[in-house]
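The residues of the chain are indexed from 1 along the displayed sequence. Note that this is a predicted model, so its numbers are computed, not measured. Numbering of ligands and ligand atoms starts at 1, following listing order.
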Amino acid sequence: MSFVTRFAPSPTGPLHIGHAYSALLAHDRARAEGGQFLLRLEDTDRARSRPEWEQAIYDDLAWLGLTWPEPVLRQSDQFDRYTAALTALADRGLVYPCSCSRADILAAGVAPQEGATYGPVYPGTCRARAMSDRAPGDALRLNIARAVACTPAPLSFVETGPDKAGPHPISTDDLVRNTGDIVLSRRGTGDPAYVLASALDDHHQSITQVVRGVDVFGFTAVQVLLLALFGHRAPSYHHHRLIRDASGKRLAKRDDAKSLATYRADGATPYDIRRMVGL
Ligand code: GLU
């Protein structure tokens with residue numbers, strides 16, 4: 001298959017018209033390319049994911065007229081694969097256990113960066129800890145300086161979205177300085193972080209183009225790095241504009257009033273939704 005894309009919502013709340021835009025755009029691109037559109041459920045946050053939101057995703061997307069192959073990949077069924085990937089990174093000395101809370105990180109005097117995707121850059125408090133010292137509930141962090149040192153340079157990805165189209169060389173200095181040692185396995189639950197699970201699944205599902213909102217553009221460089229660590233080629237990326245409400249605010253899951261289900265209940269048609277998002 002020459003073109004494979006995906007829509008990868010988290011079943012933690014209702015889909016809104018911003019999600020509809022993302023799903024329709026990916027579906028339309030796949031159709032135009034004679035390729036495939038996949039649906040993936042990103043439910044690694046097991047505390048917040050709910051079966052009723054999963055069902056609502058199927059209902060909303062089917063109502064919009066989208067089709068996708070079954071079975072749908074559900075990330076909560078794939079934890080063994082993510083754990084194996086983390087073990088492989090640990091065997092190469094690229095991850096370490098970390099017990100720091102967010103408050104500990106802020107108390108270390110790290111200022112959250114303006115517009116940073118990840119919040120404050122981790123100050124490295126636990127970086128010298130060995131995996132053999134891992135306590136229950138510890139997070140696992142990527143040692144990013146080591147990771148970039150053992151990645152074949154140069155890293156880059158291709159973007160086709162309207163705002164940032166073109167080749168994007170990745171500055172490894174920038175990754176070390178501004179992204180830092182990100183969490184790959186979450187504190188407390190041990191659940192895999194979005195950046196890891198999503199990048200691994202893009203490879204696992206042979207995605208050739210990731211279509212998603214420009215709000216997650218900042219995760220791309222580190223996802224390309226993670227893929228490179230496993231010897232995987234990155235897909236291309238199409239980061240689309242965000243659908244905003246009348247006041248210019250980005251729609252969020254908690255804005256139930258703007259959920260697709262509400263529009264449906266108010267008598268809107270799938271065609272109305274396409275028109276509202278400019279498709
Ligand atoms: N589960 C992520 C979200 O809902 C997907 C982001 C992506 O497509 O990579 O924002």
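Listed by atom number, the atoms of ligand 1 under 4.0 Å from E42 heavy atoms are 1 (N), 2 (C), 5 (C). Distances below 4.0 Å separate heavy atoms of S10 from the following atoms of ligand 1: 1 (N), 4 (O). Shown in contact with S198 at under 4.0 Å from a heavy atom are these atoms of ligand 1, numbered in order with element: 9 (O).
A salt bridge between R129 and D138 is present, with a side-chain N of the basic residue lying under 4.0 Å from a carboxylate O of the acidic one. Ion pair R274/D28 flagged as a salt bridge, since at least one NZ, NE, NH1 or NH2 atom sits closer than 4.0 Å to an Asp/Glu carboxylate oxygen.
By the 30° and 60° cut-offs, the orientation of the rings of F157 relative to Y237 is perpendicular. Aromatic ring orientation, H19 versus H16: tilted (interplanar angle from 30° to 60°).
Between V211 and ligand 1, a contact under 3.5 Å exists for no N or O pair.
For R6, the heavy-atom gap to ligand 1 drops under 4.0 angstrom. Heavy-atom distances between Y194 and ligand 1 reach below 4.0 Å in at least one pair.
Side-chain rings of H240 and Y21 approach one another, their centers coming within less than 6.0 Å.
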